Peer 1: 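Pasting a structure below so you can have a look.
Values in this document were obtained by computation on a predicted structure and should not be read as measured data. Chain A is the first sequence line, chain B the second, and so forth, proteins listed ahead of strands; every chain is numbered from 1. Side chains are part of it too, since the values below use all heavy atoms of this structure and drop only hydrogens, waters and symmetry mates.
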Amino acid sequence: MIVRILGEGQVEVDDSAAEELNDLDSKLEAAVEHDDEADFRPALDALLARIRSIGRPLPPDALAPSELIIPQEGATMAEVQKLLTDDGLIPG
Amino acid sequence: MVALMGVMKRVSLIFKSKANKALDRMEDPRETLDYSYQTQLELLQKVRRGVADVATSRKRIELQINQLQQQSDKLDRQARDALAAGREDLARDALTRKAGVQGQVTDLTTQYTSLQGEEEKLTGASQRLQAKVENFRTRKETIKATYTAAEAQTRINEAFTGISEEMGDVGMAIQRAEDKTEQMKARAGAIDELMASGALDDMVSGPRDDIQLELDRMGAGHDVDAELARLKGELGQGSAPRQIEPAAAGATDGQPAQVTRPVDTRSTDARAADQPQAGEGP
């Protein structure tokens with residue numbers, strides 16, 4: 001499956017990694033839902049680190065949509081929360 | 001209440017829903033392709049301008065760091081000179097000011113690194129977008145040439161969704177870079193103003209550089225002493241130079257050379273005149 005890291009581009013990740021990524025993502029989601037700043041940063045960093053280590057970069061001219069999109073490194077909790085609202089940060 | 005499906009899936013769905021809404025607004029798919037291509041070219045221009053803006057801001061900070069570093073080096077030299085001359089109070093003053101300047105340097109260096117990272121990211125984004133825009137243009141022409149309703153629609157949707165995801169990502173990256181550059185501009189502007197008004201100079205070295213003034217005054221004193229010694233030497237009062245030698249030698253590493261220089265710089269005639277005297281003994 002294709003995963004986009006915002007600000008960095010797209011990578012291809014084996015489907016077998018889905019469960020592991022879901023576990024990491026659910027920690028991030030819980031932190032975001034509960035406004036838990038203490039858990040938020042490590043959860044985002046862990047997810048980013050894992051995707052970077054197992055992902056293979058897609059060629060720059062690839063035009064495929066991503067199945068998963070992860071917020072950029074250093075994103076604040078407020079940015080992520082805004083990203084999750086329909087009329088949030090995404091332009092257009 | 002949003003079903004728990006993970007942040008990544010939700011963000012991806014929001015990106016897709018944006019693309020779909022844009023697609024729905026278009027009546028003719030071919031119009032979609034052309035319109036989207038125009039928007040892509042505009043965004044490409046925008047991201048390139050963004051890279052240039054960040055680079056300009058980074059260079060400005062670099063210049064300021066260099067200026068402040070020079071001030072810091074100068075204060076360091078002054079502290080050494082002052083200490084060598086036994087003026088610990090002046091040296092302490094210089095080092096205190098140096099610490100202030102060094103603090104600014106450290107702060108600006110952090111900003112510099114951050115801008116550098118932003119520039120790299122935006123450069124990468126610009127290159128990826130360019131590759132994708134070129135690919136999109138090729139596909140656009142192919143799709144238009146083989147246009148047969150339903151099948152073409154699927155291919156258009158895919159290409160459009162893919163590129164609009166990239167465009168959304170790049171658009172946000174530009175926004176982040178702009179925000180950061182604006183902050184930097186404000187800071188850099190404030191420091192430039194301080195430097196222009198002389199306030200930073202005052203902070204660095206005091207009004208009219210009082211440390212340097214004091215050192216110069218002491219330095220001038222040494223020159224006068226050395227000159228006196230030279231004149232006394234010429235007049236055959238040989239003991240005079242040895243009297244000031246200990247104090248001058250203790251001044252700085254460079255001082256002993258200065259003390260002996262008056263002897264060396266005398267005309268050869270004067271030195272020749274000394275020789276017999278030295279041989280005979282005083």
Peer 1: Where the side chain of B/S12 meets the backbone of A/E67, is there a donor-acceptor pair that is under 3.5 Å apart?
Peer 2: yes

Peer 1: Supply the atom-to-atom distance A/D35 CG to A/Q81 CD, rounded to the nearest 0.5 angstrom.
Peer 2: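 Spacing of CG (A/D35) from CD (A/Q81) equals 4.5 Å.
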
Peer 1: Hey, which of B/E158, B/R139, B/Q127 has the most heavy atom pairs under 4.5 Å with chain A?
Peer 2: B/R139

Peer 1: Would you say the side-chain atoms of B/Q69 and B/D73 include a donor-acceptor pair closer than 3.5 Å?
Peer 2: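 Their side chains do contain a donor-acceptor pair, which is all the 3.5 Å distance test asks for.
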
Peer 1: Pick from B/E166, B/Q175, B/K121: which one has the most heavy-atom pairs with chain A under 4.5 Å?
Peer 2: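 It is B/E166.
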
Peer 1: Please tell me if the side chains of A/Q10 and B/E165 come closer than 4.5 Å, counting only heavy atoms from C-beta onward.
Peer 2: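 The answer is yes, as the side chains (C-beta and beyond) meet within the 4.5 Å cut-off.
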
Peer 1: Do the side chains of A/D39 and A/H34 get nearer than 4.5 Å, heavy atoms only?
Peer 2: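 No, too far: nothing below the 4.5 Å cut-off.
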
Peer 1: Taking side chain as everything from C-beta outward and backbone as N, CA, C, O, which of these in A/L47 sits under 4.5 Å from a heavy atom of chain B? Side chain, backbone, both or neither.
Peer 2: side chain

Peer 1: Non-hydrogen atoms of chain B under 4.5 Å away: do they reach the side chain of A/S66, the backbone, both or neither?
Peer 2: both

Peer 1: With distance as the sole criterion, is a donor-acceptor pair present between the side chains of B/E134 and B/Q130 under 3.5 Å?
Peer 2: yes

Peer 1: Between B/S36 and B/Q40, do the side chains contain a donor N or O and an acceptor N or O under 3.5 Å apart?
Peer 2: yes

Peer 1: What residues of residues 51-63 of chain A sit under 4.5 Å from chain B when you count only heavy atoms?
Peer 2: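 So far as heavy atoms go, A/I51, A/P59, A/P60, A/D61, A/A62, A/L63 are the residues that approach chain B to under 4.5 Å.
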
Peer 1: Where does A/E8 contact chain B at under 4.5 Å (heavy atoms): side chain, backbone, both or neither?
Peer 2: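 The answer is the backbone of A/E8.
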
Peer 1: If you count heavy atoms of other groups shown closer than 6.0 angstrom to NZ of B/K9, is the number above 12?
Peer 2: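 It does: B/K9 NZ has more than 12 such atoms within range.
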
